[in-house]
Amino acid sequence: VTQAALEDREVLTALRGGDRAAAEEMIERTYSGVYASLFRMCGGNADMAADLTQETYQKAWQSIGSFEGKAKFSTWLYRIAYTTFITQVRRPRRLVPLEDNFAAQVRDPGDSAEVQLDRGEQEERLRSAVLKLPESLRFTVTAHFWGELAVKEIAGLERVTTVAIRKRLYKAFSLIEATLNDGDA
Amino acid sequence: MKKHEEIRRRLARQEMPATPPDLLPKLKHQIPEHLSFATSRERDTVRGFQSSMWRIAASIVLLAGIGWLGLSTLRSPAPTSFAAEKNAAVTTAFRQRPAEELQTPPPAADAETAENEAPRPQKTDSLRANLAEGRVVAVEENRKEKRRDSLNAVQPSSAVSELGAKDNDERQELKKSKPAETFADRAADEPSGQVASKAEADDKVESGVEAGTVGGVVGGAPQAQARPAAAPAAPAVEMSRAAKAVASPHQASPVPLHCSSMSYPREAREAGTEGVAIIAATIGPDGKVEKTEIVRSLPHGLGKAAEQAVRNCVFQPATLDGQPIRTRFEVPVRFDLEKGVCVLCEEAGKR
């Protein structure tokens with residue numbers, strides 16, 4: 001058991017006692033990692049990442065009773081963040097008509113050419129290829145690279161072995177490669 | 001494999017973004033006041049406990065309801081305090097009721113009577129049941145009393161016991177002019193002779209049952225005797241009022257003039273016996289009582305006492321075409337522990 005896990009348990013014990021300070025401490029420990037993973041998923045959209053981070057913590061407080069402490073709190077939080085992001089992507093967007101002069105100042109978070117230029121076309125193509133992966137592979141790839149979770153943690157979340165996670169990664173790389181090659185062609 | 005390594009490297013190359021400065025305060029601000037830390041297992045436990053408690057509470061309520069229903073069912077035959085109060089009120093009303101009103105003159109059996117008698121047996125049954133329980137129940141209570149009063153005021157009764165067919169014609173005319181209610185109908189309302197017979201058979205007419213006896217006797221006995229006689233029954237007390245109301249120039253009913261007072265029999269007073277006895281009296285042309293017969297008796301010597309009370313009375317004889325005639329009619333004598341002996345007690349000064 002690592003030192004971080006021991007500290008997590010102490011904080012969780014304090015949380016169960018209704019200690020609000022413990023909740024704030026838990027946020028301070030985890031919010032940067034949650035925001036970073038969401039920032040990468042959103043393709044560098046900071047505003048959307050911030051909004052999704054807040055939504056993630058709201059859901060976490062609502063369902064904190066279901067956290068049994070078997071995994072790290074940050075791992076559990078990443079699962080919620082990923083679900084929140086997928087829900088946001090699949091959510092039908094309401095179209096709000098804007099005047100032309102104002103619309104020019106609003107940056108489209110998904111299709112902005114400016115963002116693409118900043119981040120580079122290659123990286124955006126790579127991100128698009130990841131998001132096109134099947135669900136199990138997509139979660140494994142994003143959790144491992146964008147959520148910075150270890151293979152063992154992902155295996156715990158997915159309730160599979162680490163070997164299965166590594167196989168998923170290998171298969172995901174093959175699919176991403178094929179997608180990128182199709183884009184080049 | 002090189003491609004795979006390149007993809008891995010590119011994915012791992014993601015830089016760590018700087019968190020917005022206002023994000024942390026926002027996140028802290030949205031911490032709820034009361035965090036729900038119950039795990040799913042704990043929630044299941046609590047829900048199971050709550051459902052068990054609800055089931056137990058529902059079972060208790062169900063059992064209590066069944067118990068209450070059972071108790072109420074068991075208690076229903078016994079007279080409740082409310083029923084006792086009601087009976088007392090009815091008894092009081094009955095005592096204040098003129099005994100002669102309950103005398104049932106024999107009506108002519110017409111179609112109207114037959115129609116009115118049809119739905120009545122239920123009331124007779126209920127009264128019979130009440131008599132069997134020794135309780136006092138006056139049927140239909142004061143409503144019928146009022147109705148009878150109004151009827152008596154206009155009803156000639158069967159004030160013609162020996163006056164023949166000519167009088168019957170007049171009575172038919174009066175029946176046509178009066179409302180649907182007839183004496184026959186009223187007789188059907190009353191417990192009639194069957195109830196009286198039952199009351200006699202039970203012979204339980206003691207102090208607590210006197211009103212039941214009264215109801216049975218007055219409504220039933222005269223009628224039961226009058227029908228076999230194949231002649232109009234004696235008009236009883238109705239006679240005087242009917243005579244005044246009809247005021248026929250050809251006929252007049254006997255009118256009681258005076259009754260000497262008599263004391264309440266000691267034996268009956270000690271036993272607390274009350275009730276109404278019916279005495280059939282034959283009034284001679286001179287107004288004197290020539291013959292008496294006990295139609296309905298009462299225990300503890302009250303029947304004999306009633307007969308003596310009637311003998312002590314002097315009547316104005318009935319007349320036919322201005323000539324006094326001999327008549328026979330039935331006189332109710334009421335024995336009341338508070339008011340004493342009352343012969344035709346509705347008539348003032350006849351006690």
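If you're wondering where the values come from, they're calculated on a predicted model, not measured in any experiment. In what follows, chains carry the letters A, B, and so on, assigned in the order in which the sequence lines appear, proteins first and then strands, with residues in each chain numbered from 1.
- Atom NZ of B/Lys28 is surrounded by more than 12 heavy atoms from other residues, nucleotides or ligands within 6.0 Å.
- Using a 4.5 Å heavy-atom threshold, the side chains of A/Thr53 and B/Thr19 count as separate.
- In this structure, CD on A/Gln58 lies 12.0 Å from CD1 on B/Ile31, to the nearest 0.5 angstrom.
- No side-chain donor-acceptor contact under 3.5 Å links B/Arg8 to the backbone of A/Leu169.
- A distance of 9.5 Å separates CG in B/Leu23 from OG in A/Ser32, rounded to the nearest 0.5 Å.
- Neither the backbone nor the side chain of A/Ser37 comes within contact range of chain B; no heavy atom of the residue lies under 4.5 Å from a heavy atom of that chain.
- Within the 4.5 Å cutoff, the side chain of B/His4 has no heavy atoms near those of the A/Ile176 side chain.
- For the atom pair CG (B/Leu24) and CD (A/Glu24), the distance works out to 8.5 Å, reported to the nearest 0.5 Å.
- Once rounded to the nearest 0.5 Å, the distance linking CG of B/Leu11 with CZ of A/Arg127 reads 12.5 Å.
- Side-chain atoms of B/Gln30 do not come within 3.5 Å of backbone N or O of A/Tyr57 as any donor-acceptor pair.
- Of all heavy-atom pairs between A/Phe145 and B/Ala12, the closest is CD2-N, 3.9 Å.
- Heavy-atom proximity under 4.5 angstrom to chain A picks out nothing from residues 55-64 of chain B.
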| Chi angles and distances behind the side-chain contact (heavy atoms from CB on, under 4.5 Å) call for B/Arg10, A/Leu180 | CA-CA 13 Å; B/Arg10 286 170 59 184; A/Leu180 292 176; 4.1 Å; yes

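- In plain terms, the two heavy atoms of A/Tyr35 and B/Pro20 that are nearest each other are CZ-CD, 3.3 Å.
- One distance of note links OH of A/Tyr31 with NZ of B/Lys26; it measures 12.5 Å at 0.5 Å rounding.
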